[in-house]
> 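Would you mind keeping the following structure in view while I ask a few things?
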Amino acid sequence: MSSKDARGDKGASTGKRVGGNKKMSGAKLSIGSKGTGGGKKAAGRPHRGGKTKSQASSRQRTGRPSHRGASFDASALEGAEFIEVSNVALPLDAGLESPASEVNRPTPVPLSTETNHPAPATPAASPAPAEGSHAESLSRAAIASALGVAPEDVASFSLVKRSVDARKKSNVHFNATYAVHLAQGVAYDALSPARGVNVRAYDPPAPLAIPDLRSLATSSDERIVVAGTGPAGLFCALYLAEAGLRPLVVERGAAVDERTAAIESFNAGGPLDAAANVQFGEGGAGTFSDGKLTTGTKSPHIRHVLEAFVQAGAPDEILWQAKPHIGTDKLPAVVKSIRERIISAGGEVCFLTRLVDIELAGGAVRSVVLEDSRTGARKAVEASRVIVACGHSARDIFELARDRGFALERKPFSMGVRIEHPQSLINRAQYGAAAKHAALGAADYKMAVRVPACANGTRTDVASDNATRGVYTFCMCPGGEVVAAASEEGGVVVNGMSRFARDGENSNSALFADVRPDDLPGNDVMEGVRLQREVEHAAFELACRNGGVPYAAPAQTVGDFLVGATSSSGQAEGGQPGGTVAAASEARRRTVAPGSHRRVGAAESHSRLFVRPSYPRGVVWCDLRECLPEFICDALAQGLPLLDAKLHGFADPSAVLTGPETRSSSPIRMVRGENFQARLASDLPDSDEEPATRVYPCGEGAGYAGGIMSAAVDGLRVAEAIAAEFSSR
């Protein structure tokens, strides 16, 4: 996954009625015993003025305390049946009971509102805690306080979003958004929202509409081919299948069950399977990561993707968590369920089948050549369209695209290491005295700084981005493990993962520095791939040279790394390259099994931190400067103290750096037009004409996404574009 993950958004709406006495788009509401309104519209409710006796008494009960916000305009809520109340401060004890339950799980039917498919019960929010429970009482009281009414004036409510607010360690709490129905007789202009609380008409998300294109589908001899079963390929294929276009989905790797067995074998010391590993196989690289579902993209498809995951068996709580995740232990079953939906809707899925050629005729795709990943046998398949959703590690696809005349360009990516701490340290740093509260779980972090681009020991006042380099954390895995993510023989790659419970001893995160196109020599578009391979092979050789078993990972403590990075000569005393302390020399010459404590060197003697490296093939204590580029190491060394100022203990001398992590995102972009079709290198650069290749670069590997959610959203956008082409016939 790449660095562009954050969260989605919702559009505001005013004055929209949401269902009267119906369920709120499939969500169960918490009904108060004293509220008479329930889920029904209050008869004759005066939304503006005309306060009833109950309203007046409510105002007397609650008053307008000094913490109330500015004058509230209730006219924007005219006609709304439910209101959305955000920035509600919620005590941690309210989180001890999960608001999720089976009533919030959507029925696994096609995600379509067309008449040929019944619309699913789209959950707009999750149920509140059980009526009468302590958590329900706390939630109701918090909503009432936020609105300036009495608790009995809140007839029903449902959780829409919840996050942890730990800005003040003395007051760690939840920040929540609710869909609220007020009791009968309570007018909107009787509300007195607290300062910072936002109130608007609740607008439930619309379900995804998929047209019925079965009558327009091409013949069985001309299939729409989707190459790749990562998030982009899966969601593109799911949409196309449910539209009746019968896509042929090919995946170079194995189905998820076989893939899981191959990864477990590799982690235990077995050989690398080039067709079934952390990078390749059903679900893509994200299947064996934390399964983070945050994104910086803002699209209504974010909700559609989350709902599809829930329909496929993901936990309901991803619908209301501010930072949702599924977990490596649950993702395999989820992606398998999505595959089964594609097949049941008329699609075909072929594993261990690699796209090796795209044949064009008149500038448009005519056929593809597919190869059996095990036997090497090849066959040609006529294709009307090809979606290239192969992921950032399918490097042969970049070479194929270049050789077939498609336009490619360099794009920024990142490179670095995994930094590993005890999870307890992160919990204390983020939550303070509240760290052990049962409702909080494992804490996470996300940080970024900028450092001088040239490590010359001096800072510059030049404002240009080229004068500085970004150093940041990414894909933080609370309670997780460092993953052996190699996909090519003789190369070491690391990544991170967490299980759903996030209950492991350590946390880990990517610690990255930017790699810009102008950091690379020459003009060859493949130079970024070449750099990645060089670093991965150098890491493999470095670990072996220092006594490690094949695919052991080079590792170094932060203390040792900074000793080398800050040495004016570039070497530590005694001529040791890169500053690896002499006290660690014995430990670095053998592979340290995962879970073992490292030997503490001189640079860490003052630290009480003990980290058990979790990389499954074992680590070897090395100097990371011997495998990573100098400009990356210099940036990381400058960035670590700055990040420590943001999160105390982050640069503790005994924290462990395991490397290299090179697959942050694709270093190459397949250029596409506004119609999502790939451009040819022969196209005039200033041409306004849209390409007509019928080849659709899609997702993270093609350079158009940065994680599970953004890749899945891009897959849906491409599918919509293809469906629009069929519909316009």
Side-chain angles (χ1 to χ4, degrees), residues 1 225-238 247-267 270-289 291 328 331-340 342-343 347-357 368-379 381 386-400 483-491 493-495 497 529 532 536 551 616 662-663 666 698-702 705 708 711-712 715:
M1 294 189 296
V225 177
V226 179
T229 61
L234 280 177
F235 277 86
C236 184
L238 179 61
L248 170 62
V249 186
V250 297
E251 165 59 52
R252 69 190 301 153
V256 73
D257 292 337
E258 180 181 346
R259 184 185 182 197
T260 300
I263 291 171
E264 291 175 350
S265 174
F266 180 62
N267 288 343
L272 175 67
D273 188 335
N277 48 64
V278 166
Q279 305 294 348
F280 297 143
E282 184 174 17
T287 303
F288 294 91
S289 67
T328 301
L331 269 166
V334 170
V335 298
K336 183 177 181 179
S337 177
I338 294 175
R339 178 237 299 175
E340 291 170 347
I342 292 170
I343 295 172
E348 181 182 356
V349 182
C350 299
F351 295 107
L352 298 172
T353 304
R354 192 164 66 96
L355 175 68
V356 294
D357 205 355
V368 297
V369 177
L370 305 177
E371 179 182 272
D372 187 301
S373 297
R374 298 291 196 213
T375 68
R378 295 188 174 190
K379 66 177 180 179
V381 176
V386 178
I387 292 90
V388 181
C390 298
H392 58 50
S393 294
R395 294 161 169 172
D396 55 326
I397 295 297
F398 300 142
E399 297 172 353
L400 169 62
V483 175
S487 61
E488 296 180 353
E489 293 286 348
V493 185
V494 300
N495 203 337
M497 59 162 270
V529 171
Q532 289 176 328
E536 293 163 13
Y551 299 102
T662 53
R663 313 282 183 91
S666 174
C698 182
E700 187 168 326
I708 292 174

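Note that these values count all heavy atoms, side chains included, but never hydrogens, waters or copies made by symmetry.
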> Quick check: closest heavy atoms across S487 and S393, and the distance to 0.1 Å?
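Nearest heavy atoms, S487 then S393: OG-CB, 4.4 Å.
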> Among residues at least two apart in sequence or on other chains, which ones pass side-chain contact (heavy atoms from CB on, under 4.5 Å) with E340?
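So E340 forms a side-chain contact (heavy atoms from CB on, under 4.5 Å) with K336.
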> Tell me, do V356 and L370 make a side-chain contact under 4.5 Å, heavy atoms counted?
no
> Donor-acceptor pair, distance only, cut-off 3.5 Å: does the side chain of S666 make one with the backbone of H392?
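No.
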> Does the side chain of V225 reach to within under 4.5 Å of the side chain of I387, using non-hydrogen atoms?
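They are not in side-chain contact.
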> Which heavy atom in L272 sits nearest to a heavy atom in A486, and how many Å separate them?
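Heavy atoms only, the tightest pair is CD1-O, 3.4 Å.
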> Answer whether the closest heavy-atom distance between the side chains of V256 and T287 falls below 4.5 Å.
yes
> Please round to the nearest 0.5 Å and tell me the distance separating atom CG of L400 and atom CG of L355.
6.0 Å
> How would you list, by chain and number, every residue that makes a ring pair (Phe, Tyr, Trp, His ring centres under 6.0 Å) with Y551, sequence neighbours excluded?
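F266, F540.
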> Quick one: does any side-chain atom of S265 pair with a main-chain N or O of A262 as donor and acceptor, under 3.5 Å?
no
> How close do G283 and L234 get, counting heavy atoms only, and between which atoms?
CA-CD1, 4.4 Å
> Side chain to side chain contact (heavy atoms under 4.5 Å, CB included) for S373 and F351? Distances and angles first, verdict last.
CA-CA 9 Å; S373 297; F351 295 107; over 6 Å; no
> Any chance you could measure E258, atom CD, to I263, atom CD1, to the nearest 0.5 Å?
11.0 Å
> Sequence neighbours left out, what passes side-chain hydrogen bond (donor to acceptor under 3.5 Å, both in side chains) with D357? Give chain and number order.
R404
> Could you measure the distance from the SG atom of C698 to the CD atom of E700? Nearest 0.5 Å is fine.
11.5 Å
> Not counting sequence neighbours, which residues clear side-chain contact (heavy atoms from CB on, under 4.5 Å) with V493? List them please.
Q279, A485, E536, T662, R663
> Looking at residues at least two apart in the chain, or sitting in another chain, which of them share a side-chain hydrogen bond (donor to acceptor under 3.5 Å, both in side chains) with D273?
R374
> Salt bridge or not between K379 and E371? Use side-chain N to carboxylate O under 4.0 Å.
no
> Residues in side-chain hydrogen bond (donor to acceptor under 3.5 Å, both in side chains) with T328, at least two apart?
none
> Would you check if R395 and Q532 make a side-chain contact, meaning some heavy-atom pair closer than 4.5 Å?
yes
> Please identify each residue that fulfils side-chain contact (heavy atoms from CB on, under 4.5 Å) with E348, with sequence neighbours left out.
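For E348, the residues satisfying side-chain contact (heavy atoms from CB on, under 4.5 Å) (neighbours in sequence not counted) are R223, L248, C350.
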> Of all residues at least two apart in sequence or in a different chain, which pass the side-chain hydrogen bond (donor to acceptor under 3.5 Å, both in side chains) check with R259?
none
> Roughly how far, to the nearest 0.5 Å, is CZ of F280 from CG of L352?
12.5 Å
> A237: which residues meet the side-chain contact (heavy atoms from CB on, under 4.5 Å) condition with it, sequence neighbours left out?
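With sequence neighbours excluded, A237 shows a side-chain contact (heavy atoms from CB on, under 4.5 Å) to V226, P247, V249, I342, given in chain and number order.
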> Identify, with sequence neighbours excluded, every residue that meets salt bridge (Lys or Arg N to Asp or Glu O under 4.0 Å) alongside R339.
E282
> Go through the steps for F288 and L331 under the test side chain to side chain contact (heavy atoms under 4.5 Å, CB included), then give the verdict.
CA-CA 8 Å; F288 294 91; L331 269 166; over 6 Å; no
> Report the C-alpha separation of V349 and I343 in whole Å, then their side-chain angles, then the decisive distance to 0.1 Å, and conclude whether the side chain to side chain contact (heavy atoms under 4.5 Å, CB included) test is met.
CA-CA 7 Å; V349 182; I343 295 172; 4.0 Å; yes
> Could you work out, with salt bridge (Lys or Arg N to Asp or Glu O under 4.0 Å) as the rule, every residue matching D372, not counting sequence neighbours?
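With neighbours one apart ignored, the set is empty.
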